[in-house]
There are 2 protein chains.
Amino acid sequence: MATIKDVAKLAGVSPATVSRVLSSTVVVSPKTKTRIEKAIAELDFRPNAHARALVSKSTHTIGVVISQLADPFFAQMASSIEDVAKKRKFQVLVSTGSLDAQKELTAIKSLQAQRCEAMVVNSKALADDVLIDLAQRIPGFVLINKFIPQISQRCVWFDNVAGGKVMADYMASLGHANIVVLSTKERVYDATHRLNGIRQSLSQHNINLPDQHIAYGSPDYAGGREAIEHLIEQGITFTAVLCYNDAMATGVISALTDLGRRIPDDVSIVGFDDVLLAKYCMPKLTTVKYPIDIMARKATELALSLIAKDRPLNQSDKDYQYKPFLVKRESAAKC
Amino acid sequence: MATIKDVAKLAGVSPATVSRVLSSTVVVSPKTKTRIEKAIAELDFRPNAHARALVSKSTHTIGVVISQLADPFFAQMASSIEDVAKKRKFQVLVSTGSLDAQKELTAIKSLQAQRCEAMVVNSKALADDVLIDLAQRIPGFVLINKFIPQISQRCVWFDNVAGGKVMADYMASLGHANIVVLSTKERVYDATHRLNGIRQSLSQHNINLPDQHIAYGSPDYAGGREAIEHLIEQGITFTAVLCYNDAMATGVISALTDLGRRIPDDVSIVGFDDVLLAKYCMPKLTTVKYPIDIMARKATELALSLIAKDRPLNQSDKDYQYKPFLVKRESAAKC
DNA sequence: TTGTAGGCGTTATCAT
DNA sequence: ATGATAACGCCTACAA
């Protein structure tokens, strides 16, 4: 690909002048300007972003770390980030961490090597002190899924405990007393938080939740099926199912329907996240809203504002917490 | 962030020696090596990828152009690409084109500015001659969703005409004669191709498909609902619905169920793509498989092989065409 | 084995 | 208004 020198030569000027018309920051005589523009077009010249980054010490790039691109939840997140980044003329660099601490760290390091100025990271596996260290090192570092007191102003997070409560409160209010919970077998803290919320709510309502009423599966359709089938095999009876996410909930719907149980007449089901899927499936899923799109937008703006030169100093010292709320649809009803 | 000079100074060596342990291409004395490694760790030094790109003239980066990240189909595609790229130690740069020719071109140009060595692009809007031009300019350029004769070896594509036929043939084989089609209102060629396939099949089966039996909506759940409702309002009767994609099909299921029609007893429905959703919804969707994951892998390997220095010259001259096949589930049955 | 020097493509600072 | 020149951070001959 042509360089700025090639353009300069073809236009009969110095590289400096070409650079001036590129940045249009200094006045260039109209005639030479058009001559240069013609040369640029003719050579199909595209300024080398790396050279620019090197000299300008700025890449206009925001890095994103998520566990997997194929998951609708993360796809939505990435999409929202890209949307606001684009408006600010920022490039997006996506790296995946796959729920593995080592891979997450590798992803972040690679983003650092690319000199991303801002970073929005969803870390499921890294230890808090590692994340704190990272945040202190990287000016535009923002965490999107957890709260860490020491770096609270860099945290955009969701109250998972409240989310668990919302689910359980609702089922209790519908009169359910035989409740089972489907959690994820992945060791991620948000599952623990939701479970804690559920436990708190249930004990307040004097509803028992024995350990055998909790099953663990992969956080997807198949995992939902297997987990609920496992519970049934154990001879456990129930009228309500609380699921770790919407995908598992659809698996439950499918498995129970296959067994001739009717939803919500025989069994009530609540999902989590409210991904697109929840509206699509039948019956439509009653679920807990996780406003990931709004959160992703917020996180991106926060990350970008952290590195802005004209950073308003009135950066409030608080964290950015988002609360769950119930989306009532068709999969849950009175007991 | 620390530079190679900082590391060199701290370790008491020259930058060149540091570079040597970084690339581990030349033997360095064990003592100095450990000293340097200590310095690197202490300074948390991360080699600047831009400087490297500049001098090495290689970025190890593959660019991806898709219309939108949030769409499950494209998320799957991006995910597959990232997967094989990662194995080859390539960074992935995603840009979105949003079905707009101008934006698609901007996305590609930005990828060029980043000096992506390979590119996998899904272009819905750019004219063929523009794409041909791009392919000739960019060595690692691969098209993933369409066939263009002049650059056939750079095309990984899906036979949409055959896809249309598959849907229609199946419905005909089930005895349906009153068929309606839900297409997308976006002006994309794949919709046209599928429609052509449907028309061919239907005329072979002597089934009539008047223009009023074709409705156009946005290619999603809401669009499916609206399109089918529109048809019903027109007083059109039917026993089978062919949909542009799975999301529209779920909209149709929902709308018809609301009206008390039973699927597949009263109406048969076929979707397209076989995204995850198709397995999840109720009834499970009978649909046409679009093997985007396999195709994306192939496209990535192709793009990477195109720029490989040890490129095997036995690059076959043919294109890479993928064929649809029917995934029979529950949403379609005998008339 | 290690150091020196030049250059990758661009921008910014001086001159002119 | 335009041209030299140095510098960004790194790698790679070439020397020592």
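Hydrogens, waters and symmetry mates are skipped; everything else that's a heavy atom, side chains included, is used. In what follows, chains carry the letters A, B, and so on, assigned in the order in which the sequence lines appear, proteins first and then strands, with residues in each chain numbered from 1.
Across all strands, B/Val18 comes closer than 4.0 Å to no nucleic acid atom at all (heavy-atom distances). Within the 4.0 angstrom heavy-atom criterion, only backbone atoms of the sugar-phosphate kind lie near A/Thr3; the bases stay farther away. At a threshold of 4.0 angstrom between heavy atoms, the contacts of A/Thr32 are confined to the sugar-phosphate backbone, with no base atom among them.
Remark: A/Lys9 NZ is loosely packed, at most 12 non-hydrogen atoms of other residues, nucleotides or ligands lying under 6.0 Å away. Within a 6.0 Å sphere centred on NZ of A/Lys86, heavy atoms belonging to other residues, nucleotides or ligands number more than 12.
The residues A/Lys87 and A/Asp83 are annotated as salt-bridged, a charged nitrogen and a carboxylate oxygen being separated by less than 4.0 angstrom. Taking the charged nitrogens against the carboxylate oxygens, B/Asp190 and B/Lys146 have no contact shorter than 4.0 Å, which rules out a salt bridge.
For the contact set between residues 37-55 of chain B and DNA chain C, defined by any heavy atom under 4.0 Å, the members are B/Leu54, B/Val55.
An OP1 or OP2 oxygen of D/dT2 is reached within less than 4.0 angstrom by no side-chain nitrogen or oxygen of A/Thr17.
Taking the six-membered ring where tryptophan is involved, the planes of A/Phe73 and A/Tyr290 are perpendicular, since the angle between them exceeds 60° and thus also 30°.
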Would A/Asp293 and A/Arg297 count as a salt bridge (charged side-chain N to carboxylate O under 4.0 Å, His left out) here? Give the steps. CA-CA 6 Å; A/Asp293 50 337; A/Arg297 292 194 140 73; 5.2 Å; no
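The CZ atom of A/Arg20 sits 10 Å away from the P atom of D/dA1 (whole-angstrom rounding).
Toward the 5′ end of DNA chain C lies the nearest nucleotide of B/Pro15, the other residue of the pair B/Pro15 and B/Ser56 mapping further downstream.
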